[in-house]
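Remarks on the structure that follows.
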Amino acid sequence: MDRKIYFDHNATTPIHEEVFDAMVPYFKDEWGNPSSIHWAGRGPKKAVDEAREKVAGFLNCSPIEVIFTSSGSESDNLAIKGVAFSMRSKGNHIITTKVEHPAVLNTCKYLEREGFDVTYLGVDADGMIDLDELRDSITPKTTLITVMYANNETGVVFPVAEIGEIAREHRVTFHTDAVQAAGKIPLDVKALNCDLLSISGHKIYAPKGVGALYVRRGVRVVPIIHGGHHERNRRGGTENVAGIVGLAKACEIAARDMEEETAHLRRLRDRLEEGLMKRIPHVKRNGHKDKRIPNTANLSFEFVEGESLLLNLDMLGIAASSGSACTSGSLEPSHVLVSMGLTPELSHGSVRFSLGRSNTEEEVDYLIEKMPPIVERMRSMSPLWCEVEKKGVDLSFEEKTCS
Ligand SMILES: *Cc1c(COP(=O)(O)O)cnc(C)c1O
């Protein structure tokens with residue numbers, strides 16, 4: 001089987017050819033240090049300056065409000081620790097959600113050990129937070145709200161602009177992890193009312209190891225990487241020039257192709273979901289049906305072990321994922337799905353298909369054709385499933401998930 005189908009774009013994306021081409025000169029002739037004042041530094045410096053302008057254009061902010069980092073994770077760390085520590089004399093309370101990416105959740109856990117109080121907002125069965133609960137959890141000690149824009153596991157989109165408005169009313173700084181939103185839905189920091197926003201290169205067809213953080217003018221972040229005067233003293237380290245150029249090119253392409261790409265992804269995603277749900281009984285869609293990014297389908301297959309399902313798909317050359325890439329290989333059920341009220345069994349039976357620009361209808365149809373017999377074979381080995389088959393009972397998901 002030499003067929004290769006990639007349905008795991010929320011884990012990482014291939015580098016776009018135009019991005020690769022834009023980067024090549026900075027691995028070859030333009031190898032200088034952008035901080036150097038001599039001839040070797042001039043080209044790289046100009047490249048970083050232009051890249052900063054492009055990223056700023058993509059986010060609708062000023063170039064001085066963009067900090068280049070090594071990843072989405074570093075952007076999240078810099079935003080959260082940077083604000084928490086710089087505001088420490090004002091308060092020590094942070095508000096986030098239970099369904100954030102580990103880069104946010106584990107940074108908040110770390111801050112708890114450092115004496116901060118963190119409120120983790122829960123989500124409903126659709127994966128949505130309650131804005132009244134958010135409002136009620138703000139105290140005079142709250143200095144930071146950090147809530148993601150789009151969820152990496154389910155694709156659910158949070159009402160970031162409204163959250164930002166609430167934060168602003170209470171004079172609380174607001175950060176959003178927009179790593180999964182970038183390139184899939186518009187990112188305008190002004191419209192989103194956010195003070196800080198994280199993006200990552202490798203989720204938008206740029207290379208791994210580069211990210212950016214928007215920090216609104218006037219918001220202070222203490223550095224987490226101390227060094228030279230890079231990034232206006234906010235992040236030490238000689239710039240990853242090629243990576244930064246790649247990230248900027250990817251932003252440019254994302255903005256240019258967004259409309260067309262979104263329509264393409266939505267069409268394929270809906271075809272995939274409808275196809276699988278029609279052909280396989282006892283499948284549940286996870287996440288709000290409409291409030292989500294267009295490329296992600298998260299489905300629970302009852303009486304099936306997600307990891308074994310993924311291995312079976314892998315044998316056919318189909319790459320998908322259970323939960324997030326960061327937690328796969330662990331036996332813990334997805335914290336996102338469990339927070340939505342799914343039983344551990346149902347969470348373990350879930351698969352995330354995340355589509356990307358090069359996926360085709362034909363690839364989706366291949367999955368729809370190959371997957372039902374796999375699920376049927378796996379279920380035939382499950383004693384629980386045989387009970388269901390024999391009795392013909394209809395185990396509704398509502399019953400299952402609530403018990
Ligand atoms: C991938 C991801 C990150 C981390 O980005 P890296 O560049 O891989 O460190 C953070 N948040 C979300 C929502 C992600 O999907």
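One-based numbering, in listed order, for ligands and for the atoms of each. What you see below is based on every heavy atom in this structure, not just the backbone, and it leaves out hydrogens, waters and symmetry mates.
- Taking the side chain as every heavy atom from C-beta outward, Thr296 and Ile293 approach each other to under 4.5 Å.
- Short contacts between ligand 1 and Lys203, defined as distances under 4.0 Å to a heavy atom of the residue, involve ligand atoms 1 (C), 2 (C), 3 (C), 14 (C), 15 (O).
- Taking the six-membered ring for Trp and thresholds of 30 and 60 degrees, His282 and Trp385 have ring planes more than 60 degrees apart, a perpendicular arrangement.
- Counting only distance, with no hydrogens or angles, the side chain of Glu302 and the backbone of Val283 share no donor-acceptor pair below 3.5 Å.
- Geometrically, Lys81 does not engage Phe116 in a cation-pi contact defined by less than 6.0 Å to the ring centre and at most 45° from the axis.
- Between Asn152 and ligand 1, no N or O atom pair is found at a separation short of 3.5 Å.
- With a 4.0 Å heavy-atom cut-off, ligand 1 is reached by no atom of Val104.
- Relative to the six-membered ring of Phe353, Arg269 misses at least one condition, a distance below 6.0 Å or an angle of at most 45° to the axis.
- Summarising the contacts of atom 15 (O) of ligand 1 with Met148, Gln180, His202, the nearest heavy atom is found in Gln180.
- Every atom of ligand 1 is numbered from 1 in the order shown, and the set under 4.0 Å from a heavy atom of Ser73 is 4 (C), 5 (O), 6 (P), 9 (O).
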